[in-house]
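To start, the structure itself, in C-alpha cells.
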Amino acid sequence: MAVHLGSVPIKLGVLSESDHMSVASINLFVALLCACIVIGHLLEENRWMNESITALLIGLGTGVIILLTTKGKSSHLRVFSEELFFIYLLPPIIFNAGFQVKKKRFFRNFMTIMLFGAVGTLISFIIISLGAIGIIKKMDIGVLEIGDYLAVGAIFSATDSVCTLQVLSQDETPLLYSLVFGEGVVNDATSIVLFNAIQNFDLGNIDAVTVLKFVANFFSLFFTSTFLGAFAGLFSAYIIKKLYFGRHSTDREVAIMILMAYLSYMLAELLDLSGILTVFFCGIVMSHYTWHNVTESSRVTTTHAFATSSFIAEIFLFLYVGMDALDIEKWKVASNSPGKSVAVSSILLGMVLIGRAAFVFPLSFLSNLSKKSPNEKITFKQQVVIWWAGLMRGAVSIALAYNKFARPGHTQLRGNAIMITSTITVVLFNTVVFGLMTKPLIRFLLPPCANHRSRDLSMSSEPPSAKSFLSPLLGNGQGSELETGQNVQRPTSLRMLLTAPSRSVHHYWRLTCFRLHLVELLEGQKIFFNPPKVILDDIVAFDKK
C-alpha cells in the first residue's frame, strides 16, 4: 500500500534510514533500561553498588562496545540534548520528589534546608568560581572568558544526592533524609538560577547595586515559582473536587493530575521562572489536596505512576551519561593536552571538596544554635553524611556543562573541550568512587537501629483513605500507614488534633491547612452558619497558639 503526497509515493510501514536508526537506538535504550533494573535488583543487597552506579557502568560498557563497533567514530547512537533533559526527564523526577516528600519533616526543617540549599550553594559557587579564576585561568588551557569561569562555579555547585538517598531511610533517619533531600532540590534550583543569571550578566558593570538587584531577583524568582506551583496544585484539587471525574472514569483524574503538574513546569519555563521549584511545590500541594479528592483506585495509580516515571528517568539519565562520556569528538581535542586536562579535573575536584565543607559544617553549627531539643540538632556524624551526600555530581552538572561548552562546534575549541571532558571526569569519578563508598560510610557512621522505625512512623505524609481527612493536616500520613495497614480513627473533637506548634514554617503550614479543611468539614456537616460551640472554641484556641 502506498500513499501519494504530490508526486512522492510513501510506503506505509517502510522506514527511512534515519528512522531506522532512531528505532534501533530506542530498542537499545529500552533493552539497557531493562538490564539496569534486573541487575540493580540482583545487587540490591550489595554493600557497595546501587542502581545509579549500575546504570552508569552499563552505559560506559555500552559506549565502549559502540566505540569498537564504529571503529572509534562514535560511542553513542543519540546526541545528548539538554532540552531532552530539562523538558522531559527532569520534571517527573522533581515532581515525584515533592509528591512523595514527608511534609511534616520538610517544613519543620524548612529554614535549615533553605540555609543549606540556597546560602550553602552560593558559598560553594563563590569558592569554586574563585578557584577556577585564580588557578585554572593561569594554566593557559585556551580562550575562556570570566563568564565561563563563573559558569564553572554554577555547574559544580549542582549536587546529586541520589546515591545517598537510595541508602538513607525516611523512617530510620528522618531528620537526615529530609535535610539531604530538601537541600538537593533547592540546590538544583539555585544552581540553575545562578547559571541562567550568569548567561545574561553584564560582567563589565559589577557594583553593589547590581549585586543587590541579583539577590532581589533571586528571591523574587523563588517566591514567584513557589506560588505558581502551589496555585497549580490547588487549582487541580478544585477542578477534581467540583467536577468529580471519578464518577465516570478514574483515568480522567490521573490524566488531569499528570497534565496539570507538567503544565505548571512548562508555564514556569515560559515565564523564565524556576521550573524545578514550581513542579516541586506543585507535587507537595497535590499530595496534600488533590490526592485526597480522587478515588481510591486513582490514589494507588498516581502514587505508583509518578514513582515509576521518576525511577525510569533517573536510570535513563545515568545510563546516557555513562554512554556519552566516551564521545570521541570531545576527547580528541583535549587529548592534545592530557596533563592539563588531568590537572583541571583534579583542581575542580578539590574545589568541590573544599566548597562543600566550607558551608556544611559552619551552617550546621548556626542551625544547631536555633534548636532547643537535642534530637533536632545535627550531630557531627550527620554533618559528615550531609557533606558526603553533596560531593556527587550528576545529570544537572552534565546538562549545564553541555549547554555552556558543548554547543555545536564549541568542543572544537581547546578550552571548551578541556572543560567538558573535565566535567565528565569529575562526574564519573565522584559518582563511581564516592558512590561506591556511600553505603559502607553511612553504615559505619549511622548503624541501623530498629528503635528509629517505631519512633518515626508518625512522620509520614499522607493518610490511607478519605476517612481520616483531618489527620494529614496535623498528624500521621500515607507512607507508614500504607505499610503497617493501620486505620486512623476519626477524633471525637478537633481539640485532640490541636497541639502547640512552634512559630515556624511548619506552624503556618498547619494553620493554613487547618483553616482550609475546616471549611470542608463545616460544609460536609451542613453547619454553615451555626457551628457547634466546641468547634468555635477549638478555632479560637488554635489562633491564640
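Only heavy atoms go into these numbers, but all of them, side chains included; no hydrogens, no water, no symmetry mates.
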Taking C-beta and beyond as the side chain, do [X] and [Y] meet within less than 4.5 Å on heavy atoms?
X      : Y      : result
Thr290 : Leu234 : no
Ile93  : Leu317 : yes
Val285 : His288 : no
Asp148 : Met419 : no
Leu90  : Asp188 : no
Trp291 : Thr303 : yes
Ile378 : Phe116 : yes

Does the [X] side chain pair with the main chain of [Y], one donor and one acceptor, at a distance under 3.5 Å?
X      : Y      : value
Ser310 : Ala307 : no
Arg356 : Ser124 : no
Asn368 : Ser364 : yes
Ser178 : Leu175 : yes
Thr278 : Ser225 : yes
Thr431 : Leu428 : no
Thr308 : Ala305 : no
Thr224 : Ser220 : yes
Asn293 : Lys241 : no
Glu253 : Ser298 : no

(message) Could you go through Thr302 and Ile258, starting from their C-alpha distance and side-chain angles, then the distance that decides it, and tell me whether this counts as side chain to side chain contact (heavy atoms under 4.5 Å, CB included)?
(response) CA-CA 8 Å; Thr302 52; Ile258 295 175; 6.0 Å; no

From [atom1] ([X]) to [atom2] ([Y]), nearest 0.5 Å:
X      : Y      : atom1 : atom2 : result
Leu115 : Phe359 : CG    : CZ    : 9.5 Å
Ser397 : Met392 : OG    : CE    : 12.0 Å
Leu150 : Ile128 : CG    : CD1   : 12.0 Å
Met286 : Phe99  : CE    : CZ    : 8.5 Å
Ile123 : Leu363 : CD1   : CG    : 5.0 Å
Phe405 : Ser422 : CZ    : OG    : 9.5 Å

(request) Heavy atoms only: give me the nearest Pro362-Ala357 pair and the separation to one decimal. (result)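 Nearest heavy atoms, Pro362 then Ala357: CD-O, 3.7 Å.
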
(message) Tell me the closest heavy-atom pair linking Leu273 and Leu221, and the distance in Å.
(response)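 Closest pair (atom of Leu273, atom of Leu221, distance): CA-CD1, 3.3 Å.
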
(request) Hey, can you tell me if Tyr265 and Tyr262 have their rings parallel, tilted or perpendicular (30° and 60° cut-offs)? (result)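 If you compare the ring of Tyr265 with that of Tyr262, the planes turn out parallel.
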
(request) Run the ring-centre check on Phe95 versus Phe280 and record whether the distance is less than 6.0 Å. (result)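 When the ring centroids of Phe95 and Phe280 are compared, they turn out to be at least 6.0 Å apart.
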
(message) Just to verify, what does Phe156 make a ring pair (Phe, Tyr, Trp, His ring centres under 6.0 Å) with, not counting sequence neighbours?
(response)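 Partners of Phe156 under the ring pair (Phe, Tyr, Trp, His ring centres under 6.0 Å) test: none.
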
(request) Tell me yes or no: between the side chains of Thr250 and Thr295, is some donor less than 3.5 Å from an acceptor? (result)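 No, no side-chain donor-acceptor pair sits under 3.5 Å.
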
(request) Tell me yes or no: between the side chains of Thr121 and Ser157, is some donor less than 3.5 Å from an acceptor? (result)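 No - no donor-acceptor pair under 3.5 Å links their side chains.
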
(request) Give the C-alpha distance, both sets of side-chain angles, the deciding distance and a yes or no for side chain to side chain contact (heavy atoms under 4.5 Å, CB included) between Phe365 and Gln383. (result) CA-CA 10 Å; Phe365 175 76; Gln383 293 175 31; over 6 Å; no

(request) Apply the test side chain to side chain contact (heavy atoms under 4.5 Å, CB included) to residues Trp387 and Leu353: give CA-CA distance (whole Å), side-chain angles for both, the deciding distance (0.1 Å), then the verdict. (result) CA-CA 9 Å; Trp387 170 74; Leu353 295 170; 4.0 Å; yes

(request) Go through the steps to decide whether Phe86 and Leu400 satisfy the test side chain to side chain contact (heavy atoms under 4.5 Å, CB included), and finish with yes or no. (result) CA-CA 10 Å; Phe86 285 108; Leu400 294 179; 3.9 Å; yes

(request) Just jot down the side chain to side chain contact (heavy atoms under 4.5 Å, CB included) partners of Thr379, sequence neighbours excluded, or say none. (result)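 Result, side chain to side chain contact (heavy atoms under 4.5 Å, CB included) vs Thr379: Lys381, Gln382.
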
(request) For Arg393, enumerate each residue passing the salt bridge (charged side-chain N to carboxylate O under 4.0 Å, His left out) test, keeping only those at least two apart in sequence or located in another chain. (result)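 Checked Arg393 against salt bridge (charged side-chain N to carboxylate O under 4.0 Å, His left out); zero matches.
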
